[in-house]
Amino acid sequence: MPELPEVETVREGLARWVVGRTIGEVNVAHPRAVRRHLAGADDFTDALVGRTVTGARRRGKYLWLPLDSGDAILCHLGMSGQMLVQPPDAPAEKHLHVRVDFTDGGRQLRFVDQRTFGGLSLSRDGAELPPEIAHIARDPVDPDFDDEAFVAALRRKHTEVKRALLDQTLISGIGNIYADEALWRARLHGRRATHKLTRPPVRALLGHVRDVLAEALKAGGTSFDALYVNVNGQSGYFDRSLNAYGRADEPCGRCGTPIAREAFMNRSSYFCPRCQRRPAS
DNA sequence: TTCTGCTCCTGAGGGC
DNA sequence: TGCCCTCAGGAGCAGA
């Protein structure tokens, strides 16, 4: 599932393969892929043709490609979205929703998404940060991320610590996988109350979040199946380094206790019941 | 205002 | 073999 390391890997690929090229033709095969562009698919394609991509940027799990018109292509990969750079004669992927041809006749940019939770839209504000994602907080690998402001904001909340890690308006880029991994490293149960945590464990948790994300980024991301790939269709290999997520009933790497799995927010949480003590109530 | 839980969506896998 | 059910989860939205 694309979280910060996976999205950053895709951004790096787009910066290499797409920036500086001029769009010749756009084909939207599945309207749901551009549902967040309220003006519709025709408006989306019309605004792109003839424009040159000037950059590839990211905040949290969002990507955007600024254009020379001042607009930007905004992209979220959802759960299964892929931004692929493919030769024009490569066979169409089963869930190919948007295809972008460039005037140089070279590799196409393709948006492929099995579950269609992701999508593309056009941001027309021309701002440094697209207003559509202005509510998304900086991510913890952003040099301007304010550690102490995050610690204070998390402790002000009256919620569970894992839920807070998944709140993209508080800290962005973290999804279910890396939340479980960081909590395991921090020896914190995800249901611990944020307002009862003191500053030191929250600072330590933030450090573990950064470590996990950095290691995953180095590995090219986490892949459990073919749903997450980089722009060349290759999978990352950080899943081999996971200590908690997806390891139910396997021994904890620290104490040997079987990793537990429980339902959480319509998904699953993985934790060590011994290293990560559940709060009293 | 803040927090919680539902909904969208598709394919894999298991049970019958 | 085929049908049905469950599971996976990011983000927006409605309701408490």
Side-chain angles (χ1 to χ4, degrees), chain A residues 1-8 10 29-38 58-64 74-83 92-98 111-121 123 130-137 139 152-183 190-197 209 213 216 221-229 235 239 242 244-249 259-271 279 281:
Chain A
M1 320 320 172
E3 300 181 32
L4 188 152
E6 293 77 30
V7 177
E8 175 60 18
V10 171
H30 196 315
R32 185 173 156 79
V34 294
R35 67 191 179 282
R36 292 195 182 94
H37 185 72
L38 300 180
R58 179 188 60 76
R59 172 167 285 200
K61 303 172 195 172
Y62 281 91
L63 285 166
W64 71 97
L74 187 60
C75 170
H76 195 290
L77 300 177
M79 281 186 60
S80 54
Q82 302 172 355
M83 290 287 261
E93 292 75 9
K94 185 175 180 183
H95 302 286
L96 172 59
H97 298 328
V98 180
F111 179 71
V112 177
D113 193 2
Q114 179 194 96
R115 296 175 191 168
T116 63
F117 277 31
L120 305 178
S121 62
S123 178
E132 293 86 349
I133 58 170
H135 63 291
I136 301 295
D139 61 61
L154 182 136
R155 296 180 66 238
R156 273 197 304 271
K157 281 189 166 287
H158 285 69
T159 189
E160 298 167 349
V161 63
K162 180 171 177 180
R163 190 179 272 273
L165 287 179
L166 297 176
D167 181 353
Q168 304 298 302
T169 65
L170 182 66
I171 183 171
S172 68
I174 305 169
N176 203 37
I177 297 174
Y178 298 121
D180 277 358
E181 289 304 302
L183 288 166
R191 292 205 180 274
R192 291 279 294 272
T194 49
H195 66 283
K196 291 182 180 176
L197 291 174
V209 166
L213 294 177
T222 301
S223 297
F224 293 99
D225 47 35
L227 287 186
Y228 162 68
V229 294
S235 296
D239 55 307
L242 294 176
Y245 184 86
R247 304 222 175 272
D249 300 326
I259 295 291
R261 169 179 172 267
E262 68 175 16
F264 174 82
M265 289 174 66
N266 285 339
R267 57 204 72 176
S268 293
S269 277
Y270 298 87
F271 63 97
S281 62

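Every chain is numbered from 1, with letters handed out A, B, ... down the list of sequences. Hydrogens, waters and symmetry mates play no part in the numbers below; they use all other heavy atoms, side chains included. All values derive from a computational prediction rather than experimental measurement.
Side-chain N/O atoms of A/Lys94 include none lying less than 4.0 angstrom from OP1 or OP2 on B/dT10. For B/dG11, the OP1/OP2 oxygens have a side-chain nitrogen or oxygen of A/His95 closer than 4.0 Å. A close approach under 4.0 Å does occur between a side-chain nitrogen or oxygen of A/Ser268 and OP1 or OP2 of C/dA8. When the side-chain nitrogen and oxygen atoms of A/Gln114 are compared with OP1 and OP2 of B/dC9, none of them lie within a distance under 4.0 Å.
Nucleic acid contact class of A/Tyr62 (heavy atoms, under 4.0 Å, all strands): sugar-phosphate only. Among the heavy atoms of the strands lying under 4.0 Å from A/His135 are primed sugar atoms or P, OP1, OP2 only; no base atom is included. Note on A/Arg261: only backbone sugar-phosphate atoms sit closer than 4.0 angstrom, heavy atoms only; bases stay farther off.
Rounded to a whole Å, the CZ atom of A/Arg32 is 9 Å from the P atom of B/dC8. Rounded to an integer number of Å, the gap from A/Arg35 CZ to C/dG10 C1' is 11 Å. Here B/dC3 presents its C1' atom at 16 Å from CG of A/Leu165, a figure rounded to the nearest Å. Atom CZ in A/Phe264 sits about 17 Å away from atom C1' in C/dC7, given to the nearest Å. In this structure, the CG atom of A/Leu170 is 13 Å from the C1' atom of B/dT2, given to the nearest Å. The distance between atom CZ of A/Arg191 and atom C1' of B/dG5, rounded to the nearest whole Å, is 12 Å. Between A/His30 atom NE2 and B/dT10 atom P there is a gap of 6 Å when expressed in whole angstrom units. The nearest whole Å value for the distance from the CD1 atom in A/Ile171 to the C1' atom in C/dG10 is 16 Å.
The side-chain heavy atoms of A/Tyr178 and A/Val209, taken from C-beta on, include no pair separated by under 4.5 Å.
Proximity note for A/Arg163 (side chain, C-beta onward) versus C/dG10, B/dT4, B/dT10: the nearest is B/dT4. Of all nucleotides listed (B/dC8, C/dG10, B/dC3), C/dG10 comes nearest to the side chain of A/Lys61. Considering only side-chain atoms of A/Glu3, the nucleotide from C/dG10, C/dA8, B/dC3 that sits closest is C/dG10.
Nearest-nucleotide assignment on DNA chain B puts the 5′-proximal partner with A/Lys157, out of A/Lys157 and A/Thr116. Comparing A/Glu132 and A/Phe117 by the nucleotide of DNA chain C that holds the closest heavy atom to each, the one mapping nearer the 5' end is A/Phe117. Closest-nucleotide positions on DNA chain B for A/Arg156 and A/Arg267 were compared, and the one nearer the 5' end corresponds to A/Arg156.
The side chain to side chain donor-acceptor pair (under 3.5 Å) test applied to A/Thr116 returns A/Arg32, not counting sequence neighbours.
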Decide yes or no on salt bridge (Lys or Arg N to Asp or Glu O under 4.0 Å) for A/Asp180 and A/Lys162, but give the supporting numbers first. CA-CA 8 Å; A/Asp180 277 358; A/Lys162 180 171 177 180; 2.7 Å; yes
Check step by step if side-chain contact (heavy atoms from CB on, under 4.5 Å) holds for A/Leu166 and A/Phe264. CA-CA 12 Å; A/Leu166 297 176; A/Phe264 174 82; 4.0 Å; yes
Trace of the salt bridge (Lys or Arg N to Asp or Glu O under 4.0 Å) decision for A/Arg191 with A/Glu262: CA-CA 11 Å; A/Arg191 292 205 180 274; A/Glu262 68 175 16; 3.4 Å; yes
Test side-chain contact (heavy atoms from CB on, under 4.5 Å) applied to A/Met83 and A/Cys75, step by step: CA-CA 9 Å; A/Met83 290 287 261; A/Cys75 170; 4.1 Å; yes
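Taking the six-membered ring where the residue is Trp, A/His158 and A/His195 present parallel rings, their angle staying beneath 30° rather than reaching 60°.
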Atom pairs under 3.5 Å: protein N/O with N/O of nucleotides 14-16 of chain C:
none

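Between the side chain of A/Gln82 and the backbone N or O of A/Ser80 there is no donor-acceptor pair closer than 3.5 Å.
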